[in-house]
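Report on the following structure.
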Number of protein chains: 4
Amino acid sequence: MTRKMKALIKARPEPGLVLDEVEVPTPGPDEVLIQVLATTICGSDVHIYRWDDWAQRNIRPPLVIGHEVAGRVVAVGRHVEAWKEGDYVSVETHIVCGRCRACRTGNMHVCYRLQILGIHRPGSYAEYVCVPAMNLVRNDPRWHPAVASIQEPFGNAVDTVLCESVAGARVLVTGCGPIGLMAIGVARAAGADWVGATDPNAFRRSLALQMGADQVWDPTREPVLDLIMEATQGEGVDVVLEMSGHPAALDLGLKALAMAGRVALLGLLPTPVPVDLTDGFIFKGARMYGITGRHMFQTWYRVQAFLRDGKVPLERLITHEYPLEAFEAAFCQMEAGDCAKVALYPNLELVRPLHGLASA
Amino acid sequence: MTRKMKALIKARPEPGLVLDEVEVPTPGPDEVLIQVLATTICGSDVHIYRWDDWAQRNIRPPLVIGHEVAGRVVAVGRHVEAWKEGDYVSVETHIVCGRCRACRTGNMHVCYRLQILGIHRPGSYAEYVCVPAMNLVRNDPRWHPAVASIQEPFGNAVDTVLCESVAGARVLVTGCGPIGLMAIGVARAAGADWVGATDPNAFRRSLALQMGADQVWDPTREPVLDLIMEATQGEGVDVVLEMSGHPAALDLGLKALAMAGRVALLGLLPTPVPVDLTDGFIFKGARMYGITGRHMFQTWYRVQAFLRDGKVPLERLITHEYPLEAFEAAFCQMEAGDCAKVALYPNLELVRPLHGLASA
Amino acid sequence: MTRKMKALIKARPEPGLVLDEVEVPTPGPDEVLIQVLATTICGSDVHIYRWDDWAQRNIRPPLVIGHEVAGRVVAVGRHVEAWKEGDYVSVETHIVCGRCRACRTGNMHVCYRLQILGIHRPGSYAEYVCVPAMNLVRNDPRWHPAVASIQEPFGNAVDTVLCESVAGARVLVTGCGPIGLMAIGVARAAGADWVGATDPNAFRRSLALQMGADQVWDPTREPVLDLIMEATQGEGVDVVLEMSGHPAALDLGLKALAMAGRVALLGLLPTPVPVDLTDGFIFKGARMYGITGRHMFQTWYRVQAFLRDGKVPLERLITHEYPLEAFEAAFCQMEAGDCAKVALYPNLELVRPLHGLASA
Amino acid sequence: MTRKMKALIKARPEPGLVLDEVEVPTPGPDEVLIQVLATTICGSDVHIYRWDDWAQRNIRPPLVIGHEVAGRVVAVGRHVEAWKEGDYVSVETHIVCGRCRACRTGNMHVCYRLQILGIHRPGSYAEYVCVPAMNLVRNDPRWHPAVASIQEPFGNAVDTVLCESVAGARVLVTGCGPIGLMAIGVARAAGADWVGATDPNAFRRSLALQMGADQVWDPTREPVLDLIMEATQGEGVDVVLEMSGHPAALDLGLKALAMAGRVALLGLLPTPVPVDLTDGFIFKGARMYGITGRHMFQTWYRVQAFLRDGKVPLERLITHEYPLEAFEAAFCQMEAGDCAKVALYPNLELVRPLHGLASA
């Protein structure tokens, strides 16, 4: 099978991507080939597009990039028993060794030999993508592929919110990018008492309210710490979810944190970041969690439970949709900021857009 | 009762302490008066002695300082039913309101209206000290008062080590001050697989080995990160206990941390401290705990369990003993560094030193 | 103050209650006097009314009974600082010593010297009730007293559901008495994936659907185990909440339990009860929790969070309301069964019924 | 490779075993072939030997039985990368599907399609045994094969003791069979405050003391409940580890359990067993854990940590050693009872017995 397919490629060590034809991959014995119905753009893909420092350190061109995906199984390797042609699936993007101490102690998501789809091996910005069979998750046929695709980042949100129970807790979300917005929905669906959120972008603050935030603030213009203290009887918030990667947001979060509270960090902070660990953390007897990837596969069961019956209205976060060929417009939109998740369709003849393609 | 007693007083806002006579305090209705058999010097007392920034912000002279103490109940307030004259006790030094959200949710140790003995009210560097009855803990009569006194910092060590189980874990202790040394003993007694420790001071490294460390290193002279990786098959340590307050130790700890590991912070870090939270914490899917005080009173039950049958040989950490009057020598010894815990005896006629008074 | 008040009294060791006049109690130094706005009937009060074995072993007549209550503070003891006349409050009914090992380790709800309001000391079926100040919880003025009163059993429901997270879990509630119905609402509000419920009573099954159950069954007529397995792809339920006290319900729950699932027991089972612990529990690697009372006071914070914004529609569970004088009709209704919570108003001039008094 | 080997076979559906020659198995692509250095007798093997009800329901003759084993890899399947000839290994005996909800949520030990070595496929009472490569665990070359073999049941003990921390806890072990004895050692090594144990057999009580029990009792002759209450200041034990499978032991455990305590059940109880769940469990606010198998593979890391440096002196529990051919004497010894673990050596030319072969 040496058919060709179109794919978005980081062709050379420089900014931008190239739409080109490459061979359709052939699944190994424990792999499956998926026809991509929708693939969505992650912030890390924007870094690769821009070719920033992180991208230069992590990507070896040429490479088909992209990792958030939903599609249909079209071929299975010869050892694969659990999946068959036609299955409608999404993909866990962390490819793990299964043998290291992390893998063998319930922490596959931080495998010592971790490979990531679209970063360390060819990804999903293409008509087809090949992944290990163990990385598949079955989708409800009623879910739109764009929504099914964003289960992957939704899993990050679920892990960030639920590293401890939020039932009855007052929660602050700093940063209303897509995963921050998802986190608001999860906190709400999991019984949080109150959810506050901050973001400088008005479009995202408006989405935050739609996802269930009680209060939203622009941290560049409002005295957020005072307002949080007012909203929490001077006690502060029980839970801080740092989703922005901004040092100022972490600083706000630690100041706003209640005694014995907890912080979850998902946003990638500049390194090193100055932090007030003494007053903001130690003297509060607080706890902090670093979130990366998703628990494999506990998180996926929760992800799918939150999708069922619209507990978290994830479809609202698909704000822009494009054919794969319009990738330049899609990345342009991502950089402009007034959006949440942006979907690309490499096989537009097979899928009807969720809300409608963005106009040219 | 307006008897007089001798006491160590921070008399004026300046370095040093003064030995003077003050009135013996009278217990309120819910308080008890304790005759001090031993009181031990905490690092925070050295800060007060030196009159550094932290001390200047927190202490209002004149004040009798000191908070680690063991003694005998000599008078009880009229509402006190649980204690009587002659009881041999130690003291939880956090005095709490009992009504705030922290107190009412199992987190009295971070009470919103926290008062600390010897910092916010008269302390134990005296012949007598007055404390709320609810802060008492009963001692086994076989325990020497100097050992009974250091149960308080030992509680910090217990909470630092046991915020999660260490059974089967590889543990790094950065900083072998008294609480770091205690933590080594607790980790060993609670089933740690391997305990490594760092400290620039050779005397303390030698005590670390006595407390059960498998390996000790001087971080100023040895390539500790490489040595830890060698000792852990390149995986790093499951648990980092930061007991030094040095940014370099925290940095080492995060670099040495295994995937999905956890860090407990007890040492007070300069604020702000630069930290690599992205590679050192988030991408490892790690957890961090801030430790302050001791859980009231779960920790004390564990403290006493570890004292029984010598599970942790705490008496080895009483390295120097002085009459209260020799306080200058005692603080001098604390600043010199070749010591662990230093005991003061305000009523030397009532107690025989554990190992013998330090020679003049 | 030797005013008189009307009260419901278990006057003699025999079935029934007597409405009589007794002295208004005088609060001790650490107590408060509450004017009762609403008091609700607990199943245990029905046992006392009937004078069954349990009641005979636990009650010493004469005694004013009743313990679920909301009201207004009208007098405070001389040591009470945190409360004042006019405060609108509900009451934690477990009165604890504060000194035993259970109390000192975060488990006051199972204090070794536990006293219960209306069982071991005069209760709330009266115009006034006297309780320790530390047992008060402040109410939002917008909450109706009948709803505020049932926070106490609601706390049992919250602890039963949330002894572990239910986010994304499939939950079975066996028994749709009042606390079972509340549990359904909590499971729903805390992110359960699916909630099934069983009860032989059609009225209660109908309320179960109103509280958010996905499926309800009559275990006396339907093949419930098969239906649960069908609803859970043959895996069983992740969580069983046993709220009925029926051995058959526990047996069903253990058979329906998924691998690595958990069971919470609130319903009081006959003793001894035959249980299949080997196949139903050990070989499943399952966990079980015994629930009694409520965590003091973590649970109350969650209770109030679930009341805010109608996350759990508790007011639907107040199905019948009576003046205190109509207690015979109220207990008759409780025994008849087509009801959830029944409220009594001892001061009807001060409170307007939530839905309207039951017609005579 | 159709070589022959000697093996112990349940040849027919009747009591007893037969020593016979069978073909050496050939490893599949993901399997390895192990030359058996030591294989130890589990209680379940005695059930199979006797051919009791349980055995008749679970075993399909003819079958080579046995599952506790240590040996050397002698051949690997063609997909196996992590292991090679000569590796010294032990074996996790639960063979799992890796795809069911239990396997995908960190609970492989209760896989919905669980197969057990020596029960559902040919076992280790033979010169060679074939197992999936993922079931191997690497051994320290200094460990004797008989000790390495009993890591498997030791894992059960570790999971029973450490389903929660025992640091500072008072622990009761009911039943001093091999896993109960191991549990005593683990509780001691993991920081238990006090360990009491019961068993009617004097030889086992004596081993219990050697493993670190503070007190041991014969429950058929001593008033154990009173003695436990005396040893725990009337509070009861924080932790009950039920290792006997006797209803009377469970009853004792629940009566002896402290408020807010926890129970772990490993012994298989007759079904149904009468239990006092109301007073013994619910009113205590207690927790219960069912233990089966071992967490894969967190437990093995702990197992090996406890073996290192003799933290738990497991070699004392190898009380009898036999050549494979002397299996009748070995099973006879198991039924007689004055023993802990009994080892069989199918390749006695390759291994020197730990303490010496039992005399004929």
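Just so it is clear: chains get the letters A, B, ... in the order the sequence lines come, proteins before strands, and each one is counted from 1.
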Query raised in the report: In terms of heavy-atom proximity below 4.5 Å to chain A, should B:Ala260 be classed as side chain, backbone, both, or neither?
Result: both
Query raised in the report: chain A: which of B:Leu277, B:Thr292, B:Ile282 shares the most heavy-atom pairs with it under 4.5 Å?
Result: B:Ile282
**Report entry** Minimum side-chain heavy-atom gap A:Asp45-A:Ile48 below 4.5 Å
**Finding:** yes
Requested in this report: May I have the step-by-step check of side chain to side chain contact (heavy atoms under 4.5 Å, CB included) for B:Ile59 and B:Trp51, ending in yes or no?
Outcome: CA-CA 9 Å; B:Ile59 304 290; B:Trp51 200 237; 3.8 Å; yes
Query - Any side-chain heavy-atom pair of B:Leu227 and B:Gln215 under 4.5 Å - result: no
Requested in this report: Using non-hydrogen atoms and a 4.5 Å limit, figure out which bit of B:Leu114 sits close to chain A: side chain, backbone, both or neither.
Outcome: neither
Query raised in the report: SG of B:Cys163 to CE of B:Met288: how many Å apart, nearest 0.5 Å?
Result: 11.5 Å
Query raised in the report: Where does A:Asn107 contact chain B at under 4.5 Å (heavy atoms): side chain, backbone, both or neither?
Result: side chain
Query raised in the report: chain A heavy atoms under 4.5 Å from B:Ile291: which part of the residue, side chain, backbone, both or neither?
Result: backbone
Query - chain B contact via A:Ala258 - which portion, at a heavy-atom distance below 4.5 Å - result: both
Report task. Output, in order, the C-alpha distance, side-chain angles, deciding distance and verdict of side chain to side chain contact (heavy atoms under 4.5 Å, CB included) for A:Arg294 and A:Asn156. Result -> CA-CA 6 Å; A:Arg294 295 141 299 279; A:Asn156 292 81; 2.7 Å; yes
Query raised in the report: Is any NZ, NE, NH1 or NH2 atom of the basic residue among A:Asp251 and A:Lys255 found under 4.0 Å from an Asp or Glu carboxylate oxygen of the other?
Result: yes
Report summary line: Most contact-rich option vs chain A, by heavy-atom pairs under 4.5 angstrom, among B:Val273, B:Asp276, B:Leu269, is B:Val273
